[in-house]
**Student:** 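Dropping the structure in here first, questions after.
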Amino acid sequence: MSNEVKFSKFLIGMCLNTGQSLQSIAKNLGINVNSNELNDLASQLEARGFISKVKRTRNETSGVLTAKGSKQAMKLMNSAV
C-alpha cells in the first residue's frame, strides 16, 4: 500500500472516529504500518494542517482532526462513492 493511500485512510479513519490513536485506527482498518511510519504520517498530517495537538507516547500516537482535515476526509469519502 502506498504512503499516500495510507495517509488518506488514516485521515478518513480519524474523521469516522475509528480509534483514539493512529495505532488503533491502523488495527481497526487493517492498515499494515510500523511505529516509524505512524510517526511520519502524523508529522505529514500535522504539516498539511489536517491534524493538530499531536501527542506521541511510547505506545501511541494521536492527534485532533482539524476542520481542514475533516473537510479533506469528507472529500476523499465522497470521491470513493
Side-chain angles (χ1 to χ4, degrees):
M1 182 180 308
S2 75
N3 196 35
E4 193 62 34
V5 171
K6 287 179 184 179
F7 182 91
S8 297
K9 285 188 173 194
F10 276 105
L11 191 57
I12 291 169
M14 291 183 81
C15 184
L16 296 175
N17 198 24
T18 60
Q20 296 299 319
S21 69
L22 295 182
Q23 286 81 350
S24 61
I25 292 170
K27 182 180 176 186
N28 293 337
L29 296 180
I31 303 168
N32 187 19
V33 64
N34 64 40
S35 295
N36 289 333
E37 288 178 299
L38 282 175
N39 285 322
D40 289 344
L41 284 167
S43 295
Q44 290 175 26
L45 287 164
E46 186 175 36
R48 292 187 189 181
F50 295 144
I51 64 172
S52 63
K53 301 179 184 175
V54 175
K55 293 181 184 173
R56 292 175 175 89
T57 66
R58 187 171 19 152
N59 298 323
E60 292 189 327
T61 302
S62 62
V64 176
L65 192 65
T66 65
K68 180 179 178 180
S70 182
K71 184 176 179 180
Q72 181 65 21
M74 294 300 289
K75 187 177 173 181
L76 288 168
M77 286 188 285
N78 287 334
S79 69
V81 174

**Student:** Could you tell me the separation between the CG atom of Leu22 and the OG1 atom of Thr61, rounded to the nearest 0.5 Å?
**Tutor:**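 Reported value, rounded in 0.5 Å steps: 6.0 Å.
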**Student:** Could you tell me which residues satisfy side chain to side chain donor-acceptor pair (under 3.5 Å) with Ser24, sequence neighbours excluded, listed by chain and number?
**Tutor:**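 Scan of Ser24 (side chain to side chain donor-acceptor pair (under 3.5 Å), adjacent residues dropped) gives Ser21.
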**Student:** Please tabulate, for side-chain N and O atoms in residues 5-16, each donor-acceptor pair with protein atoms closer than 3.5 Å (sequence neighbours left out).
**Tutor:**
{"unit_1": "Lys6", "atom_1": "NZ", "unit_2": "Asn32", "atom_2": "O", "d": "3.1"}
{"unit_1": "Lys6", "atom_1": "NZ", "unit_2": "Glu37", "atom_2": "OE2", "d": "3.1"}
{"unit_1": "Ser8", "atom_1": "OG", "unit_2": "Glu4", "atom_2": "O", "d": "3.1"}

**Student:** Are Leu41 and Asn3 packed together at the side-chain level, in the sense that at least one heavy-atom pair is separated by less than 4.5 angstrom?
**Tutor:**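 Heavy-atom side-chain distance check passes, below 4.5 Å.
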**Student:** Same cluster for Val64 and Met74 if Ile/Leu/Val/Met/Phe/Trp/Tyr side chains link at under 4.5 Å?
**Tutor:**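 The answer is no; the residues belong to distinct hydrophobic clusters.
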**Student:** Could you give all pairs that pass the side chain to side chain donor-acceptor pair (under 3.5 Å) test and reach residues 66-77, with sequence neighbours left out?
**Tutor:**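 Residue pairs passing side chain to side chain donor-acceptor pair (under 3.5 Å), neighbours aside: none found.
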**Student:** Quick check: closest heavy atoms across Gln23 and Asn59, and the distance to 0.1 Å?
**Tutor:**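 Between these two residues, the closest heavy atoms are NE2-O, 3.4 Å.
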**Student:** Indicate yes or no: at least one non-hydrogen side-chain atom of Arg56 is less than 4.5 angstrom from one of Ser43.
**Tutor:**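 SC-SC contact between Arg56 and Ser43 confirmed.
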